[in-house]
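These numbers come from a predicted model, not from an experiment.
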Amino acid sequence: MSIEQRKIELISWITSLNNEPLLNRMEELKRMSIEDTPKEILSLLNLSNQANSDKLTEHTTSRDILKNQ
């Protein structure tokens with residue numbers, strides 16, 4: 001998956017969020033420098049970046065599932 005596709009998916013996911021505390025936390029992360037980012041998050045991001053995109057599971061939303069029924 002290209003970086004552009006990943007950005008689009010992330011934007012789509014964020015626009016569908018209705019969780020105020022999660023959005024607040026994401027805004028905090030946006031303001032952090034890389035040095036301030038929790039090491040656990042950086043570790044997960046690195047793992048995700050190394051994953052073979054051919055072996056990833058495509059995620060769907062309940063809205064997508066219901067739309068196809």
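The CD1 atom of I14 sits 12.5 Å away from atom NZ of K7, with the distance rounded to the nearest 0.5 Å.
In this structure, Q5 and S2 have side chains that are in contact, with non-hydrogen atoms separated by less than 4.5 Å.
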Task: Test side-chain contact (heavy atoms from CB on, under 4.5 Å) applied to R6 and L10, step by step - done: CA-CA 6 Å; R6 291 168 62 198; L10 186 56; over 6 Å; no
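Partners of L17 under the side chain to side chain contact (heavy atoms under 4.5 Å, CB included) rule, at least two apart in sequence or in another chain, are W13, L22, L23, M26.
One N or O on the side chain of T15 and one on the backbone of I11 form a donor-acceptor pair closer than 3.5 Å.
Within 6.0 Å of atom CD1 in I3, 12 or fewer heavy atoms from other residues, nucleotides or ligands are found, so the atom counts as exposed in its surroundings.
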